[in-house]
Amino acid sequence: MKALLGPHLSLSPASPAAAAAATPRPSPAAAFPAAPARRDWWRGWSCPRRLAAAATASAGSSTIGHSELPDSEVRNPSLSPSYRDARLRKPNQAVLEAQARVCTGPTQTRPLSEDQAFKVLDTILRSAKGELKNEEQVSKAQMGAFFAAMTIRANSFPEATQWSEGETRAMNTFWPMLVRVLPPDLIFIADPEGSILGVGSSIGPHYTGNDTSEMRLVGALREILAGGHLGYEEVQGVLKDVLPLKIKDNLSEGVSESLLSAFLIGQRMNRETDRELKAYCLAFDDELGPPPVADVRSLTHYGEPYDGNTRYFRNTLFVAAVRSCYGESCLLHGVEWMPPKGGITEEQMLKFMGANTSLSTLQAKALLEDEEAGFAYISQREARPSLYSLIGLREHIKKRPPLATSEKVQQYVRATGREAIVAGFYHEGYEEPLLMLMRRRGIQSGLVVKGEEGALSMTTRLRSASVSKGLPVNYCSGFRSLSTASALEVDGVSRESFSLEVNAKDYGFEPSDTPRTDRSISRSIELGLAALNGEKGPAYDRIVLNAGMVDHLLGCEGAEDISVALERAREAIDSGKALKRLLNYIKISHKV
C-alpha cells in the first residue's frame, strides 16, 4: 500500500485505536460481498481509490483510507509503469535502442546501420565530454553493456552478426576521440587485448581494476569478452565480491557499473552454460540464513518472469488462491517492478488490493501453514536484497541478464511434504536449463510452460495458422518423481519426464481470445475477481485450465485424471472458496 500514498504520509497512525476512532471502516462484507451474492460487485472498481480502499477495509488494517487523501498526494497505481522507482536514473533512449539490437545472442543480433552507429557513438562522445545532462546522459552501465556487445561480436560472433561496414566506419571515426575522454574501464571493455581498435591499445591489456574485487571481475571479463565461459566458483566469486550494489546519487560506490553491466550482458550473449546458470541460481541461497520449512503436505513454487505482463491477463495469483483450497500450497515470488518490460506483477496486484507485500520468509511460512490462506507471496526485496540491488542497473543493460532465468527457480521457503517448481519461459532453448536448475533444487516435480508473453498463463485461444517459428504457446515440459524421495535421490527409472502442447479444446474449453489488460492493474484485478466470483468467460476458463493442468502435470494427489483435476478447480471457484482465500490472504498478511 505504500505506493498508493504520498511520500510524506505515514502508512500507520500512531495507534490502531486512534486509527479506528479517526477513520471509520466499512465491514468486510460491505467491501467484498461473499459469493454467490450480487455477481457484479467488482464493477466500476477501475478507480484505484475505490478498489484499494475497499480491499484495505476488508483487510482490517489501520491504513489511511485513500478516499480521504488529496489528489496531489496519490499517484495513479492502476498502471504498471507508475511502480517504477522515481529515484532510479533513466537511461539514454537512443543508446538503449541500439542496445536492444546488439546486446543479444549470436543469431538474434541486428547490426546497426551506418547512420545508427554514428548517432550512438556521437551521443556517447558528447555524454563522456559532459555535454549532455540529466536523462540525455549515457550512464556508465549503458556504455559498458554497449561496448561489451561490440567486443564480443567482433571476437566471437558469426560473420552475419559481426560489425557491419557502417559500424566499422563509425568506430574508426569516433574511437580516436572517444579514447581521450573515456575512463580506463570502458577502454578495457571496448578493446581488452588491444587488438580491435588500435588507438589506445596499451590500456586494455594492462588494465586490472581499482581494487581486489574488481581484479577478479576484470579477469573474468577477459574470458567473457573473448566469447568464453567461466566455472561455477568463478561466477559465484564475482557475484559475492560485488553485490549488493551500493548506489548513492545515481552512482555506484563500489564496483564499476560499466564492468558489472559488461559481465552480466556478456554472459547472456555467450549463452550461459549449465554451471554458470547454477552459480547464479544458488549464489545467495544463504544470504539471510537457511530457508524456513513450512509444515505442508505439498508446496509449489511459482517462477513467473519478474518483469511482468504488458498485454495479457496474468492469472497466477488467482490460480494460487484456487489451488490452496484443496491443499496445494503455493509460494509466489517476484518484485514490484522490473525491466525491461516493466509490466504487471503479482506484487503490484497484491499491493493494489491492500495486501502486505513486505513479508519475510518466516511470515510467508506462517501464511502457507494458515488453513485460511494456504498461499503466500515473497518479494525479492525481502528475500534476496543483493539481487534486488541490481534493478536499476538492469534497466540500463536493456536486455535480460542470466538472473532473469535463475531468479525463477528459487525456494525461499521449504516444505515438509512434496515440493514442485513451475516456471515460465519464452525463448526456445531455455526449457532444459530451467529444468536442470529445478532438479538441482532437489524437488519432486518440475514444469516449464511457454505461456503467453513468456509467462505461466496457458491460453484457451486457438493456435494461429501463421504461428511463428519455435515452440508454440502452451508448450509444457517437465518431470515428476514417482517416489517421495528428493529429486536428487531418485534415479532415472523413478522419475518420469514429459513434454506436450496443451490444447484446451481437447479438455472441453471453448476457444476464446485472451483478455487484454495492457498494463492496467485495475483491469487485471477486475478480471480475476470476477472469475473468482463465478463469472464464466475467458478469465474464468484460464484460471481453471492453469490450476487443473498444473495439478495434473505435476502429479498432484487427486489429479491423476485431468477431468477430475479441472472439475476440482471449478468447484473451488464456484463454491466461493477461492475468493474467500484471496480475501483472507489480504487480511492475514497484515497480522502475521
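In this chain, residues are counted from 1 in sequence order. In what follows, every heavy atom counts, from backbone to side chain, and hydrogens, waters and symmetry copies are set aside. Just so we're clear, the structure is a prediction, and the values are computed from it rather than from any experiment.
For residues 319-345, the ring pair (Phe, Tyr, Trp, His ring centres under 6.0 Å) pairs, not counting sequence neighbours, are Y306-H333, H333-Y412. The list of ring pair (Phe, Tyr, Trp, His ring centres under 6.0 Å) pairs with a residue in residues 434-460, not counting sequence neighbours, is empty. Contacts classified as salt bridge (charged side-chain N to carboxylate O under 4.0 Å, His left out) and involving residues 423-432 (residues at least two apart or in different chains) are not found. Applying the salt bridge (charged side-chain N to carboxylate O under 4.0 Å, His left out) rule to pairs touching residues 291-300 yields R297-E328, R297-E557, sequence neighbours excluded.
For the pairing with T514, the side-chain hydrogen bond (donor to acceptor under 3.5 Å, both in side chains) check across T460, T459, N315 returns one residue only, T459. For the salt bridge (charged side-chain N to carboxylate O under 4.0 Å, His left out) with R314, the qualifying choice from E347, E346, E453 is E346, the only one to do so.
A salt bridge does not link D541 to R570: none of the charged side-chain nitrogens sits closer than 4.0 Å to a carboxylate oxygen. Remark: E571 does not engage R568 in a salt bridge, criterion side-chain N to carboxylate O under 4.0 Å. Ion pairing between R581 and E372 fails under the 4.0 Å rule for side-chain N and carboxylate O. Electrostatic pairing of E510 and K505 does not count as a salt bridge here, judged by no charged N lying under 4.0 Å from a carboxylate O. We find that E234 and R216 are not joined by a salt bridge, their nearest charged nitrogen and carboxylate oxygen being 4.0 Å or further apart.
In this structure, L566 and L545 approach most closely via the heavy-atom pair CD2-CA, 4.0 Å. When all heavy atoms of A364 and L331 are compared, the closest pair comes out as CB-CD1, 4.4 Å. Shortest non-hydrogen contact noted between S386 and P244 is OG-CD, 3.5 Å. A pairwise comparison of heavy atoms in R418 and L554 identifies NH2-O, 3.9 Å as the closest pair. Nearest heavy-atom pair, V322 versus A547, reported as atom, atom and distance to 0.1 Å: CG1-CB, 4.0 Å. Smallest separation of non-hydrogen atoms from S80 and Q348: CB-OE1, 3.3 Å.
Both tests hold for R271 against Y430: distance to the six-membered ring centre under 6.0 Å, angle to the ring axis within 45°. Taking the ring axis of Y312 as reference, the NZ or CZ atom of R523 does not stay both within 45° of it and closer than 6.0 Å to the ring centre. Annotation: cation-pi pair R542/F313 absent, no NZ/CZ under 6.0 Å from the ring centroid and within 45° of its normal.
Side-chain contact between V409 and R441 is present, with heavy atoms from C-beta onward closer than 4.5 Å. Under the 4.5 Å side-chain criterion, counting only non-hydrogen atoms from C-beta, Y377 is not in contact with L317. P402 places a side-chain heavy atom less than 4.5 Å from the side chain of R268. Residues S82 and R84 fail the side-chain proximity criterion, which asks for heavy atoms closer than 4.5 Å. Within the 4.5 Å cutoff, side-chain heavy atoms of Y507 are placed close to those of V502. Between L288 and T361 the shortest side-chain heavy-atom distance does not fall below 4.5 Å. Residues Y280 and T405 have side chains not in contact (no heavy-atom distance under 4.5 Å, counting atoms from C-beta outward). In this structure, the side chains of T345 and Y83 stay at 4.5 Å or more apart for every pair of heavy atoms.
Judged by distance alone, the side chain of K341 and the main-chain N or O of D307 form no donor-acceptor pair under 3.5 Å. In terms of modelled atom types and a separation under 3.5 Å, the side chain of N309 and the main chain of G343 share no donor-acceptor contact. Between the S589 side chain and the A355 main chain, no donor and acceptor come within less than 3.5 Å of each other. Of the possible donor and acceptor atoms, one in the side chain of E419 sits under 3.5 Å from a partner among the backbone N and O of A415. For the pair S524 (side chain) and S520 (backbone), a donor-acceptor distance under 3.5 Å is present. Checked by atom type and distance alone, the side chain of E304 pairs as donor or acceptor with a backbone atom of L456 at under 3.5 Å. K240 places no side-chain N or O within donor-acceptor distance of the main-chain N or O of V238, the cut-off being under 3.5 Å. A distance-only check finds a donor-acceptor pair linking the side chain of Q410 to the backbone of C281 [under 3.5 Å]. With E276 contributing its side chain and T273 its backbone, the two residues share a donor-acceptor pair below 3.5 Å. With S499 contributing its side chain and S477 its backbone, the two residues share no donor-acceptor pair below 3.5 Å.
Rounding to the nearest 0.5 angstrom, the gap separating the CD1 atom in I378 from the OG atom in S360 is 7.5 Å. In this structure, the separation between CZ on F479 and CG on L553 is 13.0 Å, given to the nearest 0.5 Å. In this structure, R400 CZ and I265 CD1 are separated by 10.5 Å, a value rounded to the nearest 0.5 Å. D370 CG to K591 NZ: the interatomic distance, rounded to the nearest 0.5 Å, is 10.0 Å. Interatomic distance, CG of L582 versus OG of S324, reported as 9.0 Å (0.5 Å rounding).
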Start with the C-alpha gap between Q380 and M338, add the side-chain angles, then the distance that decides, and say whether side-chain contact (heavy atoms from CB on, under 4.5 Å) holds. CA-CA 11 Å; Q380 187 188 59; M338 178 67 81; 4.2 Å; yes
side-chain hydrogen bond (donor to acceptor under 3.5 Å, both in side chains) evaluation trace for Y540 with D574: CA-CA 10 Å; Y540 177 98; D574 295 343; 2.9 Å; yes
Evaluation steps, salt bridge (Lys or Arg N to Asp or Glu O under 4.0 Å), between E287 and R384: CA-CA 7 Å; E287 182 172 13; R384 296 289 183 271; 5.0 Å; no
Could you go through R394 and L403, starting from their C-alpha distance and side-chain angles, then the distance that decides it, and tell me whether this counts as side-chain contact (heavy atoms from CB on, under 4.5 Å)? CA-CA 10 Å; R394 288 171 67 165; L403 289 166; 4.0 Å; yes
Step by step, work out the side-chain contact (heavy atoms from CB on, under 4.5 Å) result for V319 and V550. CA-CA 10 Å; V319 168; V550 165; 5.9 Å; no
Pair K450-Y426, side-chain contact (heavy atoms from CB on, under 4.5 Å): steps then yes or no: CA-CA 6 Å; K450 184 176 179 179; Y426 181 78; 4.1 Å; yes
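Residues Y302 and R323 bring a donor and an acceptor atom of their side chains to less than 3.5 Å of each other. With no hydrogens or angles considered, no side-chain donor-acceptor pair links S457 and E452 at under 3.5 Å. Defined by atom type and a distance below 3.5 Å, a donor-acceptor pair is missing between the side-chain atoms of E560 and H552.
Under the ring-ring contact (aromatic ring centres under 6.0 Å, His included) criterion, Y585 pairs with F375, not counting sequence neighbours. For K408, there are no side-chain hydrogen bond (donor to acceptor under 3.5 Å, both in side chains) partners at least two apart in sequence or on another chain.
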